[in-house]
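Within every chain, numbering begins at 1; the chains are lettered A, B, ... in the order of the sequence lines, protein sequences first and strands thereafter. The model shown is predicted, which means the values in this text are computed figures rather than measured ones.
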Protein chains: 2
Amino acid sequence: MKLYSSNLLWLLGAEALTGAVAAPSPKVPWARQMQKAAAHSRRMLNAAITKRQATNETIESCDISPAQEIDAPKANVWGGLTQTEAVSIVEWLFGQPELNLTTTEEATAWDNTLLIVELMQPNKSDALAYIDGNSCAPTRYAHAILNFQNSSEPYYQDILVGPLPVRNGTTRWEPLDYFLTRKTEGKVRNLDADADTLYGEWHYSVGASIADITLDLWNATMMGLDNDTLIAWGTDPVLQDPETGRVQRWDSFFSVQDDIFDVGSILPMGLYFLTEIRGRNVEDWSLDGWYYDGQFFATTEEFREAYWAGDVRKYDGNWDNEAFHTDQSGPIPPMDGNAPPVSVAPHGARFAVDEERQYVEWMDWSFYIGFSRDTGLALYDIRLKGERIIYELGLQEAIAHYAGSDPVQSHIAYLDSFYGFGPFNFQLLPGFDCPSHAKFLNSSFYTSETTVTHINSICLFEAEADYLMMRHSSASYISATKNIYFSVRSVSTIGNYDYTFTYAFFMDGSMSVEVRASGYIQAAFYAHNEDYGFHIHDQLSGSMHDHVLNFKADIDVLGTANTIQMMDVVPHTTTYPWSNGRQVNTMRVNRTFIETEDEGKFNWSPSGQVFITNQEERNRFGELRSWRVAPGIGTSHLAVENSTAIGNAAHWATHDFYATVRKDTESRSAHPYNSQDVHDPPIDFSAFFDGESLNQTDIVLWLNLGMHHVPQTADLPNTVHLHAGSSIQFIPTNYFETGIQRETVNMIRINYDGTENGTEVETFGAHEDTCALQYEPQDVDLWGYRGDSVVRKFPFSPDEYYKTHPAD
Amino acid sequence: MKLYSSNLLWLLGAEALTGAVAAPSPKVPWARQMQKAAAHSRRMLNAAITKRQATNETIESCDISPAQEIDAPKANVWGGLTQTEAVSIVEWLFGQPELNLTTTEEATAWDNTLLIVELMQPNKSDALAYIDGNSCAPTRYAHAILNFQNSSEPYYQDILVGPLPVRNGTTRWEPLDYFLTRKTEGKVRNLDADADTLYGEWHYSVGASIADITLDLWNATMMGLDNDTLIAWGTDPVLQDPETGRVQRWDSFFSVQDDIFDVGSILPMGLYFLTEIRGRNVEDWSLDGWYYDGQFFATTEEFREAYWAGDVRKYDGNWDNEAFHTDQSGPIPPMDGNAPPVSVAPHGARFAVDEERQYVEWMDWSFYIGFSRDTGLALYDIRLKGERIIYELGLQEAIAHYAGSDPVQSHIAYLDSFYGFGPFNFQLLPGFDCPSHAKFLNSSFYTSETTVTHINSICLFEAEADYLMMRHSSASYISATKNIYFSVRSVSTIGNYDYTFTYAFFMDGSMSVEVRASGYIQAAFYAHNEDYGFHIHDQLSGSMHDHVLNFKADIDVLGTANTIQMMDVVPHTTTYPWSNGRQVNTMRVNRTFIETEDEGKFNWSPSGQVFITNQEERNRFGELRSWRVAPGIGTSHLAVENSTAIGNAAHWATHDFYATVRKDTESRSAHPYNSQDVHDPPIDFSAFFDGESLNQTDIVLWLNLGMHHVPQTADLPNTVHLHAGSSIQFIPTNYFETGIQRETVNMIRINYDGTENGTEVETFGAHEDTCALQYEPQDVDLWGYRGDSVVRKFPFSPDEYYKTHPAD
């Protein structure tokens, strides 16, 4: 779930970010990439949807349109800072002497740095006044996170900067904690300040102290040598004793990969050590024990003594090998060498995009795209036929909670927004991650004085489902309606795991959010781990873990005055007027309303339905116009109860479904630094539940996707998306008078009477122009793929867009 | 869920069958259809995958192959009777004087007829000896169902005829009940023998008796007049009193459709009458009451008196109207007139078919296709890499159990195999039901001296999923594997409902079975029905119902000695050697084996996994090589407990999952005539559970797909497949040493180092030939669609294949 290299905790520093996220030498400007791409345009996959001259009498061509350009009706008030804003804020913050900031590049572990600058999301009330009314756009403010490391007690701090644009005299900064449940001026302790020391000096000294054993066991060392083949990493969050306040961590030895494949997370060696971190001086830290072969040793001496006395079993470790590599391997299946079926877009894109404002229209849907470092892609002001259905829909946090017999797996419960979904939202692969005919957008965020732009990291595409929207056949006719849908997708690879996020929109007015996971599992050493996973390779256990991904759905059904209705299908025994006193065993529906937040958390019932409705809005048949929220492919919540590893940091993970009153002060269910103080985190989601009425009020849903993952041999080399997916659907219910799936012309009716001339075909005017598509399966140039980011470092002129470094 | 026309119960008669299932005048031979298709071949959709000459320097073409022809390794012993066999059996049976058979065409309600002739499925042990060994193919027998109506107590009888081929002297018939739990020589009473009388004489007389009221209410009658606009139909199964043996039925008035659209099931009028059927003489039948506006009236006189006294509210009825029609309606969404994306097959089919033996190979998968009147499509001997995974996978029965305040909805619980999935397995629509590049197969069955062949009623196709099989990206490379899968599909429309059945196969070795429902709902009259559905149109309630579809999965994991293992993810609190006495709140897996059939029925647990395994077969890491069975999109079982409507006829519907010891005597979970004697049905599934050991034995799973359906306005005009789907997956677990998804060449790896020339692309030899596809969206000829069957009636010469009538 995470980077497991020795620079694990450097991720928030710019060097690691530009090193790990972008390619090592990110000096190639986007402009040059584009030029190269243009030169290859004939061979680009997009050629498939480009107009060509008709060269054959039997084929006619017609205009193929790329995504239509459109002007968004309003500014995208969730879309992030402009380049100009970001640069001016950074300049201004560096000018505030009380902050004492050092650029990330020059900062030591004892310097204050600026981690993140992003747009402060506007309050919903302000945003609605703008997007629904005649008000001006909300005044813009920036949200920044500072890392105050110039202290024996380092801390992060959320601050608000504004109003924007920056003007000396009017612009101020202030501590920001109104959206936090903990009121400490936005300050959260920083347990990562000495990551360099930990992964360097400390680990090397530990490694050296038992080099005799690691050499004997594996002919390997972790001493800071060039030929080291061991590293260590471990518990995340670190152990935080709720009573004593002690901070400890268990680390595990891992071997290092020796090929390009990113196998680090499946090379555990089965040896673990416990460190107590006491303050910032490594002299005060202590090595408090070892764990190997099911035995705990309080000191290195005890361990050494037992080891050389032959009192522990010697296990081989896990080493990089071909079985862990993703390249084609094994017998190629018959006919697999031929090109498989593929989706093509004969008439090009059938949607419209405002690229600058990141605004999209497809059929009767429209929405704005937002993007943040912490949680990546989010959608705002999702409308159907001009009516808002969801104000905000986006990821809040993802946990991957492991369990195991060893102290590392047992304490790993990654809270991924700490690492951020934005920084790892890599360039998408056309023809693989998204169809070749997809439209690709960039995404940007600003961190450590650096604007990072991921090229082509969001895709938009239509596809035809492999089943119809609706059909019916009788003795005299058949009618069938195609199921064409639209998707918005991004993929974030957080260390070993790749999460594919897809928001899909359908012609019946429903939509869905889906997550699928792939990439490398994080595995455990197999010894004594039987109760926590399968034995999946020689020395490897597929370490069991729960994925839970929390999404905020600020749903607005015909306004913001909403109520939640539950409808259960239940067995029922009763008599009826017609049953002559006889009891009938049958079923019925039971309907209830959720009254308060006390009833606002629950799990999906297999026989229940959940609706968001506005009790003032009934259709002409008297039914409440509603939106149903329902699991699609399986969802799950955390199996662990009162987790020792996470304390109060993830109370959003304990149920499938939560509903709370929407408040500006409860805008996010989690904070990226919840991991830094798990028992008293900046946002404790459980504090949202204080019994307020959910009757006809603005309701926010917090919905969990996820799965219980017990990896098996088929998770090697990589987990397959097929069985690691989760989705939730939003379905209009009694909302329209009849199904709007009938509005599309992509349907057909054929009448037949069995006679030779009796067949009539009605096509409803669907794509009446005859078009031809010339598609070349190999006409793909993926040599332009960089997996790269455009990185522009401060100071630079925001007007010179393609200039990425001051020196360029 | 059913035909609701006045000839509801004629379905098993040939006239209704060829009338309702095939087109009214099925006299066009298949040959002529094929000739016509050939003449139009240039414009056929298949042209899209036909080799074309290269006409453009930038495009090269290469061979496009249709489905490769292949010879099945063995005969298809499940594939049905040959024409010759069927005809000879019919001839032979008509020659047996004790049966006293009359051809269906000539039969009255008092004549004995032959309903069905089909292949008796071989016993598994015999089949395995043949397909796995050197034995000869099992001796073939036919299974026939006779309808003995020449009796005051008419009955159906299952008989066995054989051995085949028919030879006078050696061929015999005998009563067949060894696969029934009720041992009555295969005889089941026939409650349908007087359907003509019921829907004719009886209903017309009832309609005439209250014509004054129907005219006053709706200006409509049901009296057998040409201008009647009312019909009646009702409870199914009929009411069967378990104590007295009384047989009653409630019927509801419906208006009749006045356009081509098949809206009959959504036109209830809210008026119901109760009939007691006493024997076969209509003089002995009685009208036992009326129900209207929530009131029961014991006699017509009581009802009439109350009506004309103004003691009942007068409701308008439901009439055919445009809101119920499926044709395009409402504003066309923007850009919807352009052709949407579509799947194409640039290299043609990548699978192989033996059409005669209905045998298919795709990649490392192979299977045989079977087909039957009762349950339609089934797959046999499903193998992956030559190893059998599933011996038999197919539908057993489908129930649609309604509930409502009125006596008709309250007693409708259709058991669809009574009508049969085979007869309604219509021709598929290329480009809609299946991609235009699909391969289509025919299906046949033999009923009422008639061989019915549905042209192009099974399709085989590959498609690319809209998400990858697996992917991983890092700072230096990205790897991605396409998710290409293979589907086998058929669609059966049982009256108002269309069921799309899809068996899908994946490159990771998993497979799935999926059902989606569309078509017209069956609706209720809205008055007093609030607790049983939404009010969805002026006088219409979306009548709540449960769909449960039972599938048999005779799974064989490394042989037939199998065991079921359960693995649950559970919260766990414990101390560890390393935890210094501290309790850790975490989770673990609990594994148990199902010991006997007593534990063999359960519902899916959100935190549990179910494996079928062979305890003697462990992989080299010591784990059991297993196949996981898991719900995909939602499944469900029946909400009704101890249903009054169905008695003992559907005990297979009460749970999600059942496992029993496989026996030749327990080959099917339901019998198509279970509805005829619901309290003592021919197959009572609950009798399969008698505590036998499930430890290392041949296990059959009976798995339910389904959904709780509470129709809402968007179910008009037709239910959308999107939210009416259900699936189950079969997933290899610790079965292979690593994931076989790595064997495909349809993957890519791109290395990048951020420099301009640093990108390397590895394509693994995927489709290296450059091919071009010229695709024309409009190049489709659906004028050849007939919705037709090729029907050949007895007596005819089986050698003259295209001769469908003796007179032709």
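In terms of heavy-atom proximity, B:T713 sits nearest to A:Y735 at OG1-N, 3.9 Å. Listed here is the closest heavy atom pair of B:V710 and A:Q609: CG2-NE2, 4.3 Å. The two residues A:G337 and B:V745 have their closest heavy-atom pair at CA-CG2, 4.0 Å. Here the shortest heavy-atom pairing between A:P346 and B:P341 reads CD-CA, 4.2 Å. Closest non-hydrogen pair, A:F764 versus B:D327, comes out as CZ-OD1, 3.1 Å. For the pair A:A639 and B:P571, the tightest heavy-atom approach, listed with the atom from each and the gap, is O-CG, 3.4 Å.
A side-chain N or O of B:H723 and one of A:D508 form a donor-acceptor pair less than 3.5 Å apart. The closest side-chain donor-acceptor pair between A:T326 and B:H472, if any, does not fall under 3.5 angstrom.
For a residue to count as touching a neighbouring chain, one of its non-hydrogen atoms must lie under 4.5 Å from one of that chain's; by this rule A:L722 touches chain B with backbone and side chain alike. Both the backbone and the side chain of B:Y467 come within contact range of chain A, judged by heavy atoms closer than 4.5 Å. Interface remark: B:E743 contributes backbone and side-chain atoms alike to the contact with chain A (heavy atom separation under 4.5 Å). Using a 4.5 Å cut-off between heavy atoms, B:R516 contacts chain A through its side chain alone, with no backbone atom that close. Within the 4.5 angstrom heavy-atom criterion, only side-chain atoms of B:Y291, from C-beta onward, approach chain A. For a residue to count as touching a neighbouring chain, one of its non-hydrogen atoms must lie under 4.5 Å from one of that chain's; by this rule B:E623 touches chain A with the side chain only. Interface remark: B:I731 contributes side-chain atoms only to the contact with chain A (heavy atom separation under 4.5 Å). For a residue to count as touching a neighbouring chain, one of its non-hydrogen atoms must lie under 4.5 Å from one of that chain's; by this rule B:R749 touches chain A with the side chain only. In this structure, the portions of B:H537 lying under 4.5 Å from any heavy atom of chain A include both its backbone and its side chain. Of the atoms belonging to B:N619, it is side-chain heavy atoms, and not backbone ones, that fall under 4.5 Å from chain A. In this structure, no portion of B:E361 lies under 4.5 Å from any heavy atom of chain A. Within the 4.5 angstrom heavy-atom criterion, only backbone atoms of B:P606 (N, CA, C, O) approach chain A. With a threshold of 4.5 angstrom between heavy atoms, B:P732 approaches chain A through N, CA, C or O but not through any side-chain atom. With a threshold of 4.5 angstrom between heavy atoms, B:I478 approaches chain A through side-chain atoms but not through N, CA, C or O.
Counting only distance, with no hydrogens or angles, the side chain of A:S518 and the backbone of B:R471 share a donor-acceptor pair below 3.5 Å. A donor-acceptor pair under 3.5 Å links the side-chain atoms of B:Q741 to the main chain of A:A714, judged by distance alone. B:Q712 contributes a side-chain N or O that, together with a main-chain N or O of A:N734, makes up a donor-acceptor pair within less than 3.5 Å. The backbone N or O of B:T744 sits nowhere less than 3.5 Å from a side-chain atom of A:Q328 that would complete a donor-acceptor pair. Counting only distance, with no hydrogens or angles, the side chain of A:T738 and the backbone of B:P717 share no donor-acceptor pair below 3.5 Å. Checking side-chain atoms of A:H708 against main-chain N and O of B:S607 turns up no donor-acceptor pair under 3.5 Å. In this structure, B:D336 contributes its side chain and A:M363 its backbone to no donor-acceptor pair below 3.5 Å. Side-chain atoms of A:N585 come within 3.5 Å of backbone N or O of B:N642 as a donor-acceptor pair. Put simply, the side chain of B:D498 gets close to the backbone of A:S473: a donor and an acceptor are under 3.5 Å apart.
Taking A:G739, A:S479, A:S329 one by one and counting their heavy-atom pairs under 4.5 Å with chain B, the maximum is reached by A:S329. Looking only at heavy-atom pairs under 4.5 Å with chain A, the residue among B:H572, B:H535, B:M470, B:Q295 that has the most is B:H535. Between chain A and the options B:A480, B:P331, B:G509, the largest number of non-hydrogen pairs under 4.5 Å is found for B:P331. Chain B forms more heavy-atom pairs under 4.5 Å with one residue of A:T719, A:D538, A:N751, A:I633 than with any other, namely A:D538. Contact tally against chain B (heavy-atom pairs below 4.5 Å) for A:Y576, A:F736, A:F534: the top residue is A:F534. Counting heavy-atom pairs under 4.5 Å between each of A:T502, A:I332, A:D433, A:V584 and chain B puts A:D433 at the top. The choice from B:I740, B:D715, B:D364, B:V570 that makes the most heavy-atom pairs within less than 4.5 Å of chain A is B:D364. The choice from A:G294, A:S643, A:S405 that makes the most heavy-atom pairs within less than 4.5 Å of chain B is A:S405. Most heavy-atom pairs under 4.5 Å with chain A, from the set B:Y532, B:F296, B:Y477: that is B:Y477. Counting heavy-atom pairs closer than 4.5 Å to chain A, the top residue among B:Q729, B:R588, B:E464 is B:R588. Comparing B:G330, B:P631, B:G519 by heavy-atom pairs within less than 4.5 Å of chain A, the highest count is held by B:G519.
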Between B:L429 and A:I748, is a side-chain contact (heavy atoms from CB on, under 4.5 Å) present by the stated rule, with each step listed?
CA-CA 10 Å; B:L429 204 52; A:I748 199 164; 3.6 Å; yes
For A:W578 and B:L274, run side-chain contact (heavy atoms from CB on, under 4.5 Å): C-alpha distance rounded to whole Å, both residues' side-chain angles, the deciding distance at 0.1 Å, then the answer.
CA-CA 9 Å; A:W578 44 260; B:L274 176 64; over 6 Å; no
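Rounded to the nearest 0.5 Å, atoms OG1 (A:T733) and CD1 (B:I536) are 12.5 Å apart. Interatomic distance, B:S474 OG to A:I260 CD1, rounded to the nearest 0.5 Å: 6.5 Å. If you take CE on A:M469 and CG on B:N718, they are separated by 12.0 Å, rounding to the nearest 0.5 Å.
A heavy-atom distance below 4.5 Å is found between the side chains of B:V569 and A:M544. Using a 4.5 Å heavy-atom threshold, the side chains of A:L468 and B:T500 count as separate. Here the side chains of A:V344 and B:S343 are not in contact, with every heavy-atom distance at 4.5 Å or above.
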